[in-house]
Structure formats: structure tokens, C-alpha cells
Amino acid sequence: MSELWYDLEPFLQQGTLGLVNGAFYAILSLGLAVIFGMLNVVNFAHGAQFMLGAFVAWMLLNWAGIGYWGALVFAPLIVGLFGVVIERMMIARLYKLDHLYGLLLTFGLALIIEGLMRNAFGSSGLPYEVPEAFRIPPVDLGYMLMPAYRFWIVVVSLFVCLGTWYAIEKTKLGSYLRAAVERPKLVQAFGINVPQMMTATYGAGVALAAFAGVLAAPVYSVNPAMGANFIIIVFAVVVIGGMGSILGSIVTGYILGVIEGFTRVFYPEASATVVFVIMAIVLLVRPTGLFGRA
Amino acid sequence: MRITRRTLLTGTAAAGALPLVTPLRHARAQAANTIRIGVLNDQSGLYRDLTGPGSTQAVRLAVQESGITTRGVNVEVAEADHQNKPDVGSTVVRQWLDRDGFDVIVDVPTSSVALAVNTLVRERNKVFLCSGAATSDLTGSACSPNTIHWTYDTWMLARGTGGAMVAAGGRTWFFITADYAFGHALERDVSNFVRAAGGEVLGSVRTPFPGTTDFSSFLVQAQRSRAQVIGLANAGGDTINSIKQAAEFGITRRGQRLAGLLIFISDVHALGLQTAQGLVLTATFYWDLNENTREFTRRLGRMPNDVRPSMIHAGCYSAVLHYLKAVEAMGVQAAKASGAAVVERMKAMPTDDICFGKGTIRQDGRKIHPAYLFEVKSPQESRAPWDYYKLLQTIPADQAFRPLNEGGCPLVRT
């Protein structure tokens, strides 16, 4: 028994830690899926907006004295507002054009934002402490010690993901949104302001990314490249889950986090690539993704 | 066109390839009395603050202080980003040497890129002044008559930090190693040290480079090994994330010690003293070490993002200053004709500058100067911005680097 336990222990440890990474994948891919599902825009600036969330949290703390909890509310609002401005001024002009233009625009924006932040703050990053409430000894799970803050990440991300899913799939507002995607002209004829709804959706998607950024600030170094490291993996998650599938992106996010964790037990060198291997397999076997509709 | 998965994938692939833009081209005034210096390093990634534009600034200062331009020699300085990728770095260096007539490549952090540049420069008989890269192979199996390894190397880090940890009773080790030439060399050199001192290496884990953000999985594996010391064979952003997350997981509170084998001042700044205090590190330069180093920092002026110069920046300055002395001594024509001849000349002349003091360059291309063992101050001990280190020990020049006959460099005549 104890020998079996000893063999299982690393898997439990890495699976648990993978869940934390999966939480980030889930929130980020959820935001992407929402934006893609509703606006048909591939938001390449998502990683940069995630990074901005972390930086705004740092600025709020150091320039305005607003701590973690305030940042959790204000940073998504500020960055979301920034997203709204971008949508109104730039992305909205591209809806009539080929969707590739939206991709190129947001990718360009990402490069500009990251470049500006690098010039302003350097590449090493900025310190952001774990909030006071979580500075308690790590929790003993029996097979590992888990910092309290990492539990918080998993719990809060689950709530946010399920909340977003519920809002889109089960509420009246969500049904308007989905209807506007299918038949925008008809919905507009019913007196609903579709362009405004699109703007709000983009803002919400960006706010989700910023929220994840604030969550990440205390555990990862707050630096301009932090989003770029995530974004490519998150795109793979979206592709595996099925483009535009809300539930698909959430579930796939967590699962891939865990699989990545397992990979670190037996072949750590491959942990950065395993997601893409899975993506290739899924594309071959089920081209619409695990949860996608053809 | 509806956006499809295929469009997205193409876009992603294009996104990866886009940063490979060609670096700035320079006017092709093929004047025979122009020395062209190419500073190649990480301008946009995790090593930017400790190399990056600061290195170019240091090189320009060296050019200015050498006074060579007032004596009728033109010096041009260009910089480029290698993105820590050997293929990108090789492309830039080929263009610089084959097309644009550059004479010397400076800095080049990221050992995998440096080893590639080392070969290219040797084939073309130019000069490579390596400040940024760490692998001790540059003066070992890969040593070259065209290369001088200036600032530090993995053996020196092993001797400094590794030696201090072993002396303090750390007998069993586990490594978290960045999975490329630098990490492997550092792990190897420290392991040799640990074993020679009667210690034991219990294991290691290789982390993908670049692009690893989460080190918790690797830290937990290190914890599981029950080694007394967890050696971080990584650098820059990787080290920052490892130390930050080790603090979060309370690694040191359970009796294991963390050895950051390569820590730069910008890393300490990014971590904050609260997290970084007590870390022991080895460096060959610290801006606040003595009156000379403070003077250098003053002359360098304001750095990008207000950082203080790292030992790599100081190395770029010192190396180019010495290079230009050799060029003047032998004449621009002769210097441009043969890189190996310049390096030979540089080895024959003793070095002296405000960053490293008096020193020498060995037959295998190793620049020799003292190294220092520092401890990071606590927030209470730090009295001014960037007042981060206290000196624990000075390792004399003749002990700081690997003995000449142990590196396996074919240039060394026995």
C-alpha cells in the first residue's frame, strides 16, 4: 500500500498543481471563446490584456494604495474599459471585412502594448506580494503542501467560469447575445442595440483576461512577457475545446492543465509541447474540437 | 471568408515567425579605417534587463572613453535582438560578418546562441567578445582563437555559490535546470564541485526554455527529493519565478536551502528584498562595490528603466575598451585583416579598467579577474535604492576560474 502510495504521490501533486495552471487556461480561453463566439474576432491581444491586468494591479497598489481585493474589481474594469475603447475605435470597423484583419489588428495591438510596457518597465518584472489574508502556512493535503493562495485561484476561477457560462447559456441577456450572433439584423429589428451589445461583450472578454492577470500577479513575475507565454497555449486550448464553445473551453482548460502536470512527472522536458501534441491529435480525429459543432 | 480553425493556426504560425525582422542595416561606407561593432543580445525577452540596450550603452561608453575616434578611426556600433534563439542569432551574425563587414561581435547572452556565434566568428576569422553567456565550454571544448570569454562562466558560479553552499554543510543537491546549453553546463560544473567535496547529487529536473512560467511543479519534485540544497541552474526571469514560487511554497521553511546559481541585480530588484533577502550569489562586478565601480555607474548615466549596470554590462564595457586598445596598438588595417591576430594581441596585453581592475587573458580565451560572493541584504539593511548586496568573500583571480589544464581546450599547449 505505502509503496503504491509513493508511486501515486507525484501524480497527485502534479495533478493538483496542474489544476492551478488549468484555472488560468480556463479563464483565458473562456474570454477568447466568448469574444470569438459572439464577435467572430480572434482576439490575439488577449495575452497582452492579461498582462495589463497584472500591471494595473501593481499600479493600483503602488500608485494609488489600492490592494489586491480592490484590484480584483478595479483592474478588470479599467482594462475592460480600455477594451471597449479599442473595440469602438478599431475592431468595430473591421466587422465587414475578412476576419483575418481582426486577427492581424489584435496581434499588432498585442505587440505594441507589450513593447510599450517593456520600454516603460523593463523585462525583469515587478514584485507583487501574495495578499495578507493568504500569508498563512501552506495547507497540508497529505500528499503535498499547497499554498492557500493557489486554492483560492482554483476556487475563484471555477466560480467565474461557471458564472460566465450561466450568463450566456441560461439568462435572457445571454439569449439575446446568442440570437444576435445568429441573426443580427432580426434581433436589431426587435429593438435590441446589437453594436452596443458587441462592444459590451468584447469589454467583458477583456475584463476576464485582466481578472486572470490580477490572479496571476502574486504567483508569477509581473512582466511584459507573461501574457505571451500563455497565449499560444490558450489558443491551443480553444482549438482543442472547439472554437467558440464556452463549456468546451472551460473543461479543456482544466483538463489540459492537469495533463501538462502529469507530463512533468515522467518527461518534464516535454511539458511545454504536450498541449500541441494533443491539439494535433484532436485535429486529426475530431476536426471540430472536443465540444465543437461542425 | 469565415474564420476557420485553419486561419487561426496559420495566424498563430505567422505570429511566431513575425519577430524575425532583419536588424537595422547600416550605410555601407566600406571605409578601411572603420571598426564595426555588433552588439547581439536579448532585447525583448527574459534577459533584456541584464543585457539588452544596457550593453550597447556600455559599449558606446567604451568607444567614447577609448578616444580612438579622435585619432581618425571611425567606430560604428549596431545592436540586434537574437530572441535567445540560436537560428535567429546565427542569421544576424552571418549578415553582419558576410554582408556588412562587421569586425567584432559583443555580448551574446544565452549559451546556445553564444556557442553558435563562436563557430561562425571563428570560421570568418573575426572577433567574439563574450560577456553575456555563461557556459564554461567557451573556454573548454569549444574554445576558439577568435573568442574571449570576458565576464563570468558556469565554473566560476559553481566555485562561488556552489562552493559556499557546500562549505555551509549542503551535502545533497537537487537541480532545477533550464533545458539548454547554459543550464546543462551550470548543472555539470556545480555537480562536479559537489561530488569533489564529498557531496551527492540526488537528481535534477529539466525545465523547457524559454517559456516556462510555472515552476511550482518542479519545486515540488525538488522538495520530494529531500535534498538539502535545491540548485537553480537557470537565469533571469526563470530564476525570478523559481525564487518567488519557492517562497510561496515555503520551501526554505522546511529546512531545504535554495541556491540561486546565477542571480543578477535586476533579478533581485524584480523580486524585492523581502523575498530575495539572504540569497547568496556570485558576481564579478557590483555597481556599489567600490569607488571605481560607482564611478563607472555614474559615467554610464541613466540606464533603460533606471536599472543599475549588471556584471554583463560592465563586461561589455571592459572588453570593448581593451579590444580598441589592441586595435590601436596594431593598426586598423591589421586588426580588420585577422580577428585571431587581434585576440592574440589582447592576450598579450594586461587588462586594466575601473570595472574589474587589473587582469589578464589566458591562452584559452578566459579573462581572469576576482569574483565576489555576496549576500542579498534585508529590507532593513538596505539604505538606498539598489543598495542590495553585502560582500561576504572575495575569491582571488587565480582561484575564481577553472584551472587552465582542466578545461580540455585544444589551444592550450601543455
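So that the names make sense, note that chain A is the first sequence line, chain B the second, and so on, each numbered from 1.
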**OP:** Check the surroundings of atom CZ in B:R226: do more than 12 heavy atoms from other residues, nucleotides or ligands lie under 6.0 Å from it?
**Re:** no
**OP:** Decide if atom CZ of A:F151 counts as having more than 12 heavy atoms of other residues, nucleotides or ligands within a radius under 6.0 Å.
**Re:** yes
Original post:
What option among A:P268, A:A272, A:S271 has the most heavy-atom pairs under 4.5 Å with chain B?
Top reply: A:P268
**OP:** Pick whichever of A:R150, A:E269, A:E260 has the most heavy-atom pairs under 4.5 Å with chain B.
**Re:** A:R150
Subject >> chain B contact via A:A225 - side chain, backbone, both or neither, heavy atoms under 4.5 Å >> reply: neither
Subject >> Which portion of B:I240 sits near chain A, non-hydrogen atoms under 4.5 angstrom >> reply: side chain
Original post:
Is it the side chain or the backbone of B:S216 that comes within 4.5 Å of chain A heavy atoms, both, or neither?
Top reply: both
Look at [options] and state which one has the largest set of heavy-atom pairs under 4.5 Å with chain A.
{"options": "B:F264, B:F218, B:F215, B:F209", "answer": "B:F218"}
{"options": "B:S44, B:A247, B:G250, B:G237", "answer": "B:S44"}
{"options": "B:P53, B:P208, B:S217, B:G272", "answer": "B:S217"}

Subject >> B:Q245 (side chain) donor-acceptor with A:V219 (main chain) under 3.5 angstrom >> reply: yes
**OP:** Quick one: which residue pairs count as a side chain to side chain donor-acceptor pair (under 3.5 Å) with a foot in residues 260-278 of chain B, not counting sequence neighbours?
**Re:** B:H269-B:Y388
Original post:
Side-chain contact, heavy-atom cut-off 4.5 Å: B:F249 with A:M144?
Top reply: yes
Original post:
In Å and rounded to the nearest 0.5 Å, what is the CD1 to OG1 distance from A:I233 to B:T213?
Top reply: 7.5 Å
**OP:** Drop me the distance from A:M146's CE to B:E248's CD, to the nearest 0.5 angstrom.
**Re:** 8.5 Å
Original post:
What residues of residues 118-129 of chain A sit under 4.5 Å from chain B when only non-hydrogen atoms are counted?
Top reply: A:R118, A:N119, A:A120, A:F121, A:G122, A:S123, A:S124, A:G125, A:L126, A:P127, A:Y128, A:E129
Subject >> Residues of residues 13-23 of chain A contacting chain B, heavy-atom criterion under 4.5 Å, by residue number >> reply: A:Q13, A:Q14, A:L17, A:N21
Original post:
Looking only at heavy atoms, which two atoms of A:P218 and B:K244 are closest? And how far apart?
Top reply: O-CE, 3.2 Å
**OP:** In sequence, state the C-alpha distance, the side-chain angles, and the governing distance for B:D214 and A:R264, and then conclude on side-chain contact (heavy atoms from CB on, under 4.5 Å).
**Re:** CA-CA 11 Å; B:D214 183 46; A:R264 287 178 175 167; 3.4 Å; yes
Please report, to 0.1 Å, the donor-acceptor pairs under 3.5 Å made by any side chain of residues 107-115 of chain A, with sequence neighbours excluded.
none

